[in-house]
Amino acid sequence: MPRTLDPELRRALAARIRYYNEMGIYDFYRQPLSVRAGEVAAPIAVDEGEITISANAVSTNQPEPGEAVSPRKAAAVAMPVAIEENIFDAIAPKPEQSVSDPAKTLKIIREDLGDCTRCVLHKQGRKQIVFGVGNPKAELMFVGEGPGADEDVQGEPFVGRAGQLLNNMIKAMGIEREQVYIANIVKCRPPGNRTPEREECATCSPFLMRQIAAIKPKVVVALGAVAAKTLLAMNSSMMQLRGRFYDFKPAGVHSNDPNWDGCKLAVTYHPAFLLRDPRQKGEAWKDLQMVMKELGLKAPKGNS
Ligand code: SF4
């Protein structure tokens with residue numbers, strides 16, 4: 001008989017799997033429920049720290065009893081989830097699952113996020129959570145890394161200098177900022193504008209995935225390496241990631257629209273990087289032209 005996982009454990013497992021995926025680890029296998037004679041079941045303790053596998057767990061490549069193993073090693077040896085259930089499907093139904101209106105769905109996701117304390121960024125000086133802004137039915141979504149100082153104050157993504165450049169990029173595509181949806185991988189400002197840690201991205205990004213599934217865009221543009229690597233669960237360089245479309249489905253979420261089977265994802269430079277190195281603007285424009293072609297957009301006269 002299948003057993004049902006505790007919702008909190010499901011969430012932790014889903015976050016842990018995304019974390020492994022980001023490190024390039026995709027293959028897991030599970031230990032059957034039956035415990036062989038003389039062996040102890042192999043519980044997996046999932047928390048914010050390391051995974052500990054108990055004695056006599058599985059495979060010939062096991063850690064010593066009680067040994068705390070690194071996530072990489074733990075994943076390399078096995079994923080001994082002794083439950084007759086595919087953990088990739090063991091993701092609790094989301095509260096918005098039966099709601100079809102994207103604006104209402106986003107509201108439910110925002111309420112579910114609440115005054116979030118799920119990762120350390122909640123106690124590192126954030127003024128407010130920066131959820132996302134724009135058209136709930138947008139065909140085009142931009143995803144950045146995390147809020148900066150201006151965004152933290154105003155509660156809206158991309159409102160500082162980088163935001164102004166993003167607005168110009170959007171205009172150059174022949175559309176307005178209000179037509180697209182803009183969000184970030186993490187919703188709280190990392191202190192000193194540092195790059196968000198992998199664990200912070202893994203904890204926060206499930207909410208972004210739900211936002212994407214709610215909006216059901218035709219194209220998502222990942223702005224910068226953190227957004228690209230988190231969304232694609234790939235650890236390649238920007239040079240390798242840019243210049244092509246990826247088929248993208250938000251991880252861990254089933255869209256409530258059977259007609260939406262994911263979207264295209266393109267990668268380009270983060271506007272903050274383009275402010276530091278304006279020579280790369282031409283390359284970013286090539287990426288955006290690829291997106292425009294996909295969406296049938298035409299640049300205003302004088303911009304092509
Ligand atoms: S960054 Fe995301 S997960 Fe972390 S506290 Fe803020 S909203 Fe919660």
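In listed order, ligands and their atoms are each counted from 1.
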Within-2.8 Å protein N/O/S contacts of atom 4 (Fe) of ligand 1: C119 SG
Pairwise distance CG(N184) to CD(E151) - rounded to 0.5 angstrom: 7.5 Å
Which value, rounded to the nearest 0.5 Å, describes the distance between L140 atom CG and L295 atom CG? 5.5 Å
CZ of R279: more than 12 outside heavy atoms within 6.0 angstrom? no
Under the rule for side chain to side chain contact (heavy atoms under 4.5 Å, CB included), what residues qualify as partners of L241, not counting sequence neighbours? A228, K229, L232, M234, S236, Y246, V267
Short N-O contact, R210 and D112, less than 4.0 angstrom: yes
Name the residue from Q211, E139, K137 that meets the side-chain hydrogen bond (donor to acceptor under 3.5 Å, both in side chains) definition with Y181. Q211
For R126, the ligand 1 atoms whose distance to one of its heavy atoms is below 4.0 Å: 5 (S), 6 (Fe)
